[in-house]
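Data first, discussion second: the structure below is written as structure tokens.
Keep in mind the model is a prediction, meaning the values are calculated, not measured. Atoms within a ligand are numbered from 1 in the order they appear, just like the ligands themselves.
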Amino acid sequence: MSQSDTPVLTLDGPGGAGKGTLASALAAELGWFLLDSGALYRLVGLIALREGLNPDEPDDCDIARERARRLDLHFMPDTGAGQRVLLAGEDVTDLIRTDAISDAASKWAVQPAIRSALLERQRDFAVAPGLIADGRDMGTVIFPDAGLKIYVTASAEERAQRRFDQLSATGVDASLSRIYREILDRDARDASRAVAPLKPAADAHVIDTTGETVAASLERVRGLVREKGWL
Ligand code: DC
């Protein structure tokens with residue numbers, strides 16, 4: 001099967017809308033590969049922080065672009081439906097989920113040079129038997145010919161509450177109002193950038209998960225996958 005024949009399902013939407021959970025559950029159910037494209041931007045953010053690179057400095061942008069092109073990245077299956085992220089063999093799965101890296105990733109993701117450096121890397125993940133691609137621009141830019149495009153959204157209040165519950169469950173003393181403000185900032189930055197802004201593809205199915213359980217959202221997505229004859 002050539003790359004262009006490989007079935008691709010794109011799941012785009014803002015952070016915290018639940019697409020990561022849906023993407024990994026579907027990938028496990030279908031036995032398809034999973035591309036967590038946000039992890040690539042997070043790795044660039046991590047490398048840039050470690051090397052003290054500043055997105056406002058053109059020379060630093062050139063260095064970051066080279067790092068993005070040569071990203072030594074591996075996704076490894078984890079327990080359940082999750083996967084671990086390795087950067088040059090180092091397990092950075094938890095490190096790249098910290099707020100500092102979320103912030104750095106979002107700042108580097110607005111850079112056109114970084115986005116184009118990661119473009120082909122992302123397309124290379126489309127291999128048989130199929131790919132679930134999770135991100136912001138999977139259906140609009142990276143896989144415009146995907147067989148099924150889904151845009152997953154939820155209110156900012158609900159996304160903040162979910163993040164707060166997640167942090168509280170792991171014993172982190174978080175502030176709901178601060179998380180809410182950060183989500184609004186990040187949404188604004190992702191939606192207003194010049195290259196690949198966050199928006200549903202014209203042919204995407206929009207699913208709003210506000211007030212809905214993961215099981216209910218998953219069932220809705222499954223319905224679309226069944227209609228495609230993929231399940
Ligand atoms: O989905 P995430 O929170 O792990 O993404 C991290 C950052 O990368 C976030 O600011 C959005 C950005 N991103 C992007 O610009 N394009 C993608 N396809 C995926 C993520």
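Among Q111, R136, R186, the residue whose heavy atom sits closest to atom 9 (C) of ligand 1 is R136. Looking at A39, G38, S106, it is S106 that brings a heavy atom closest to atom 10 (O) of ligand 1.
For atom 12 (C) of ligand 1, the nearest non-hydrogen atom of the protein is A109 CB, 3.8 Å. Of the protein's non-hydrogen atoms, the one nearest atom 16 (N) of ligand 1 is R115 NH2, 3.0 Å. In this structure, atom 6 (C) of ligand 1 lies nearest to the protein heavy atom R42 NE, 3.7 Å. Counting only heavy atoms of the protein, atom 19 (C) of ligand 1 lies nearest to S37 OG, 3.4 Å. The shortest contact between atom 7 (C) of ligand 1 and any protein heavy atom is with A105 CB, 3.9 Å.
The proximity of D190 to ligand 1, defined as any non-hydrogen pair under 4.0 Å, is limited to the side chain. Neither the backbone nor the side chain of K107 has any atom closer than 4.0 Å to an atom of ligand 1 (non-hydrogen atoms only).
More than 12 heavy atoms of other shown residues, nucleotides or ligands fall within 6.0 angstrom of atom CZ in R69.
The shortest separation from a heavy atom of R189 to ligand 1 is not under 4.0 Å, leaving the residue out of contact. Residue-ligand proximity: R97 is placed with a non-hydrogen atom under 4.0 Å from ligand 1.
Here the closest non-hydrogen pair linking R115 and D137 is NH2-OD2, 2.9 Å. Of all heavy-atom pairs spanning A154 and A17, the tightest one is N-CB, 4.1 Å. Listed here is the closest heavy atom pair of P55 and K107: CG-CB, 4.4 Å. Across all non-hydrogen atoms, the minimal contact from Y41 to Q122 is OH-NE2, 3.9 Å.
Distance alone, capped at 3.5 Å, places no donor-acceptor pair between the R163 side chain and the I179 backbone.
Using modelled atom types, one finds no donor on one side chain facing an acceptor on the other under 3.5 Å when comparing S217 with R222.
Connection of L118 to M138 is established within a shared hydrophobic cluster, with ILVMFWY side chains joined at heavy-atom distances below 4.5 Å, either directly or through further cluster members.
Between Y41 and ligand 1, not a single N/O pair is under 3.5 Å apart.
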